[in-house]
Amino acid sequence: MGPEARALASARPAIAGAPVVELRQISRTYGSDPPVHALRGVDLTVERGDAIAIVGPSGSGKSTLLNVVGCLDRPSSGTYLIDGQDTAELGESELSALRGRLIGFVFQTFNLLAHRTVLENVMLAEVYLGIAREGRRERALAALERVGIEQRADFPPKKLSGGQQQRVAIARALMGSPSLLLCDEPTGNLDTVNSASVLSLFEELVDDGMTMLLITHEEAVARRMPRRTSITDGCLTEYT
């Protein structure tokens, strides 16, 4: 068993009643001459069952915020708690294990393996998480059914439309029952029809209680989420 798998196996449980995400005065600064302040004193609380869109233009800090929330980068200052756990107290292998256990990622690019079937792509999520093989096929099929794409389980990704490929990517993100679905411009590569289909799926997941944080530059996409905020020059504003 590798260090990440050991960290995953020994991961602490969520603290009962704690928000899924709690950012307290998070800042992220790059370089020093002159420094670039990508995030400035960000406060954000995501309760279980919340669905929040963060909308902002290129260079606003939304990608940096996603990287911090997704445990892909560490803040320069401030406190980040996920499921009540202080990420600053975790080593790199522990942080990676926590990321794999608690966060499901949906990206603008679908990141599906062309030489694998839809079902195999979804099953691979548990391979990376180090979850036991028994029942993996059934869990993957259940995830595909949840997003309405189970009838394409044996297809290669190239035989699917963009919207269908994104549904597969969402099914993969749902494997392991993450605490948070973190979506980075999930409709950025889709046409209007497929975008509407994926956003309708997100609404269904939210209705089922999924906790979601969606990063976008499109106001029309942001308006599909129950709550939204804007990010400008590394600061969150217009929190609703």
Side-chain angles (χ1 to χ4, degrees), residues 19-23 26 28 36-73 75 80 82 99 102-112 147-149 161-174 178-240:
V20 175
V21 167
E22 189 172 2
L23 305 180
I26 291 292
R28 184 66 173 99
V36 175
H37 301 287
L39 296 177
R40 302 169 184 261
V42 171
D43 291 314
L44 177 66
T45 300
V46 183
E47 300 287 355
R48 207 161 301 279
D50 274 350
I52 304 174
I54 297 177
V55 60
S58 177
S60 61
K62 63 183 188 296
S63 293
T64 302
L65 181 59
L66 179 142
N67 287 339
V68 170
V69 173
C71 300
L72 299 169
D73 191 13
Y80 174 26
I82 180 166
R99 179 173 62 242
L102 299 183
I103 304 174
F105 290 90
V106 179
F107 297 103
Q108 179 175 342
T109 53
F110 316 126
N111 297 325
L112 301 176
V147 303
I149 201 72
S161 69
Q164 289 173 327
Q165 289 188 61
Q166 190 62 293
R167 284 176 177 264
V168 175
I170 295 167
R172 181 183 58 198
L174 294 175
S179 296
L180 174 69
L181 197 62
L182 188 55
C183 307
D184 181 17
E185 300 281 4
T187 61
N189 278 346
L190 303 179
D191 59 27
T192 302
V193 172
N194 280 309
S195 292
S197 176
V198 167
L199 290 172
S200 293
L201 171 59
F202 283 154
E203 289 173 339
E204 292 173 12
L205 293 173
V206 170
D207 288 343
D208 288 341
M210 175 60 65
T211 305
M212 185 179 302
L213 194 60
L214 186 150
I215 309 295
T216 183
H217 68 277
E218 299 182 66
E219 287 283 353
V221 172
R223 285 195 293 270
R224 298 289 290 269
M225 293 290 101
R227 300 172 64 185
R228 63 189 175 118
T229 185
S230 299
I231 187 167
T232 306
D233 296 330
C235 300
L236 286 183
T237 58
E238 300 176 21
Y239 197 73
T240 59

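- Remark: Asp191 pairs with Val193, Asn194 by the side-chain contact (heavy atoms from CB on, under 4.5 Å) rule, at least two apart or across chains.
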Next item on the list: Begin from the C-alpha positions of Val198 and Leu190 and carry the test side chain to side chain contact (heavy atoms under 4.5 Å, CB included) through to its verdict.
Entry: CA-CA 9 Å; Val198 167; Leu190 303 179; 3.6 Å; yes
Note to self: Under the criterion salt bridge (charged side-chain N to carboxylate O under 4.0 Å, His left out), I'd like the reasoning laid out for Arg227 against Asp50: C-alpha separation, chi angles, the key distance, then a yes or no.
What the structure shows: CA-CA 8 Å; Arg227 300 172 64 185; Asp50 274 350; 2.6 Å; yes
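- For Arg172, the side-chain hydrogen bond (donor to acceptor under 3.5 Å, both in side chains) criterion is met by no residue, not counting sequence neighbours.
- Considering CG of Leu65 and CD1 of Ile26, their distance stands at 9.0 Å, rounded to 0.5 Å.
- Taking 4.5 Å as the limit, some side-chain heavy atom of Val206 sits within range of a side-chain heavy atom of Pro226.
- Nearest heavy atom pair, residue Val20 against residue Glu47, reads CG2-C, 4.3 Å.
- With contacts defined as side-chain heavy-atom distances shorter than 4.5 Å, the pair Leu181/Leu205 qualifies.
- For Glu204, the side-chain contact (heavy atoms from CB on, under 4.5 Å) partners are Leu201, not counting sequence neighbours.
- Asp73 pairs by the salt bridge (charged side-chain N to carboxylate O under 4.0 Å, His left out) definition with Arg28, not counting sequence neighbours.
- Shown here for Phe110 and Ala169, the closest heavy-atom pair between the two residues is O-CB, 3.9 Å.
- A donor-acceptor distance shorter than 3.5 angstrom exists from the side chain of Arg167 to the backbone of Val147, with no hydrogens or angles considered.
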Next item on the list: Could you please spell out the steps behind the side chain to side chain contact (heavy atoms under 4.5 Å, CB included) verdict for Ile103 and Val69?
Entry: CA-CA 9 Å; Ile103 304 174; Val69 173; 5.6 Å; no
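- In this structure, Thr45 contributes its side chain and Glu22 its backbone to no donor-acceptor pair below 3.5 Å.
- The side-chain contact (heavy atoms from CB on, under 4.5 Å) test applied to Arg224 returns Leu199, Ser200, Glu203, not counting sequence neighbours.
- Inter-residue side-chain proximity for Thr216 and Glu218 is flagged as met; some heavy-atom pair is nearer than 4.5 Å.
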Please table the atom pairs, donor to acceptor, closer than 3.5 Å between any side-chain atom in residues 54-64 and protein atoms at least two apart or in another chain.
residue : atom : partner : partner atom : Å
Ser60   : OG   : Pro57   : O            : 2.7
Lys62   : NZ   : Gly56   : O            : 2.9
Lys62   : NZ   : Pro57   : O            : 3.2

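- Under a 3.5 Å cut-off, the side chain of Asn189 and the backbone N or O of Gln108 do form a donor-acceptor pair.
- Across Met225 and Ala53, no two heavy atoms sit closer than the pair CG-CB, 3.7 Å.
- Considering every non-hydrogen atom in both Val68 and Pro75, the closest pair reads CG1-CD, 4.2 Å.
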Next item on the list: Show the numbers, then the answer: is there a side chain to side chain contact (heavy atoms under 4.5 Å, CB included) between Leu180 and Leu102?
Entry: CA-CA 6 Å; Leu180 174 69; Leu102 299 183; over 6 Å; no
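- Legend: residues meeting ring pair (Phe, Tyr, Trp, His ring centres under 6.0 Å) with Phe107, ordered by chain and number and at least two apart, are Phe105.
- Partners of Pro186 under the side-chain contact (heavy atoms from CB on, under 4.5 Å) rule, at least two apart in sequence or in another chain, are Val106, Gln166, Cys183, Phe202, Leu214.
- Atom CG of Leu236 and atom OG1 of Thr229 lie 4.5 Å apart (nearest 0.5 Å).
- Residues meeting the side-chain hydrogen bond (donor to acceptor under 3.5 Å, both in side chains) test with Asp207, sequence neighbours left out: none.
- Under the rule for a side-chain hydrogen bond (donor to acceptor under 3.5 Å, both in side chains), the partners of Thr109 that lie at least two apart in sequence or sit in another chain are Asn111.
- Between atom CD1 of residue Ile52 and atom CG of residue Leu213 there is a gap of 6.0 Å, rounded to the nearest 0.5 Å.
- At distances below 3.5 Å, not a single donor-acceptor pair connects side-chain atoms of Arg228 with backbone N or O atoms of Ala222.
- Residues Ala173 and Pro178 approach most closely at O-CG, 3.4 Å, considering heavy atoms.
- Counting only heavy atoms from C-beta outward, the side chains of Thr237 and Ile231 never approach each other to under 4.5 Å.
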